[in-house]
Amino acid sequence: MKILLNESELQTGVEKLAQQIADTYRENPLTIVGVMTGSVVLLADTIRKLSMPLRVGVVQAASYEGDRRGDLKINAELMPDISKRAVLLIDDIFDTGHTLEKVVGLMKSFSPSSIRSAVLLKKTGRQEVQYTPDFIAFDIPDEFVVGYGLDFNDEYRNLPYLAALEESDLAKHRN
Ligand code: 5GP
Ligand code: MG
């Protein structure tokens, strides 16, 4: 594994992300919706850096099996009522953009007063949609990354750093 962002680099980036969010919403109430499961660490770190009145909910979006993409499934059953609320979606990574674009579309159907999105990572040159997240902590090269919430086959989410999987790591999972 190759470390792309260490713990202190991640914290600096998340600090800046939270500052931008705070500058945008000021003291206005906010509902933060984490896209599970990849955003779990970013969600926990970000909300503790914000001081406006805050509600937290989650929505689940899953499209990967290992490092292969399957159909996108969205489960909004655990989401709080967001009608007439200012909503900020938080996700781990903006790759092609299809996931976040679809989740934003679904959120809009619940009539929030506003909807924005924040992501930890944006993969350079991969986007296939017009939509762009409002807040982005880091741009990274086009590599499959794990750690700080991001998984491979549901492993590695607990790594405190962000690492790119190398061919030798992937080979271990093929048997
Ligand atoms: P998109 O729909 O933007 O192509 O993909 C977004 C979702 O795919 C992310 O929320 C994340 O779950 C997953 N994903 C995309 N790239 C990576 C990656 O490099 N590593 C991991 N672990 N997940 C990724
Ligand atoms: Mg995800």
Side-chain angles (χ1 to χ4, degrees), residues 1-7 9-11 13-14 17-18 21 31-47 56-79 82 87-109 115-174:
M1 265 191 224
K2 183 180 71 186
I3 295 187
L4 291 188
L5 295 167
N6 65 32
E7 271 188 82
E9 290 167 330
L10 284 165
Q11 281 314 308
V14 174
L17 190 76
I21 294 167
T31 299
I32 292 198
V33 177
V35 182
M36 290 292 110
T37 308
S39 77
V40 66
V41 181
L42 178 63
L43 179 66
D45 278 352
T46 306
I47 60 175
V56 178
V58 299
V59 63
Q60 190 178 34
S63 59
Y64 267 84
E65 281 156 35
D67 60 350
R68 289 208 201 119
R69 191 172 296 262
D71 289 338
L72 177 67
K73 296 182 196 97
I74 301 176
N75 179 352
E77 270 171 32
L78 292 175
M79 213 184 54
I82 57 165
V87 173
L88 177 68
L89 274 169
I90 291 205
D91 203 3
D92 52 0
I93 184 165
F94 194 69
D95 183 21
T96 65
H98 290 291
T99 303
L100 207 53
E101 184 184 54
K102 289 208 179 93
V103 176
V104 168
L106 177 72
M107 295 290 122
K108 283 185 177 162
S109 71
I115 172 108
R116 290 187 178 87
S117 61
V119 296
L120 179 72
L121 308 165
K122 180 183 172 198
K123 264 192 211 174
T124 305
R126 289 270 304 160
Q127 287 67 52
E128 296 173 0
V129 298
Q130 289 296 315
Y131 182 80
T132 301
D134 299 273
F135 310 101
I136 299 165
F138 298 98
D139 288 282
I140 58 161
D142 180 13
E143 294 183 86
F144 193 82
V145 290
V146 296
Y148 199 75
L150 290 99
D151 76 307
F152 175 73
N153 276 341
D154 269 320
E155 283 182 54
Y156 306 118
R157 293 193 199 275
N158 55 318
L159 297 179
Y161 49 82
L162 187 84
L165 283 188
E166 295 169 295
E167 192 45 45
S168 57
D169 303 306
L170 294 170
K172 279 186 233 153
H173 289 266
R174 282 188 208 112

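All residue numbers refer to positions in the sequence shown, counting from 1. Side chains are part of it too, since the values below use all heavy atoms of this structure and drop only hydrogens, waters and symmetry mates. Read the numbers this way: they start at 1 and go in the same order the structure lists the ligands and their atoms.
For Lys123, every heavy-atom contact with ligand 1 shorter than 4.0 Å involves the side chain, none the backbone. Under 4.0 angstrom from ligand 1, the non-hydrogen atoms of Asp91 all belong to its side chain. Residue contacts with ligand 1, taken as heavy atom pairs separated by less than 4.0 Å, involve Asp92 solely via side-chain atoms from C-beta onward.
Counting only non-hydrogen atoms, the option in Val145, Leu72, Thr96 that gets closest to atom 21 (C) of ligand 1 is Val145.
A search for side-chain hydrogen bond (donor to acceptor under 3.5 Å, both in side chains) contacts involving Ser117 returns Tyr131, not counting sequence neighbours. Remark: Glu167 engages Arg174 in a side-chain hydrogen bond (donor to acceptor under 3.5 Å, both in side chains) (not counting sequence neighbours).
Considering every non-hydrogen atom in both Leu150 and Ile93, the closest pair reads CD2-CG2, 3.7 Å. A pairwise comparison of heavy atoms in Pro160 and Leu10 identifies O-CD1, 3.4 Å as the closest pair.
Residue Asp151 places a heavy atom less than 4.0 Å from ligand 1. Under the 4.0 angstrom criterion for non-hydrogen atoms, Gly97 is in contact with ligand 1. Under a 4.0 Å heavy-atom criterion, Glu128 is not in contact with ligand 1. Ligand 1 is approached by Phe144 to a heavy-atom distance shorter than 4.0 Å.
At most 12 non-hydrogen atoms from other residues, nucleotides or ligands lie less than 6.0 angstrom from CD of Gln130.
Looking at Leu150 next to ligand 1, no N or O pair under 3.5 Å apart turns up.
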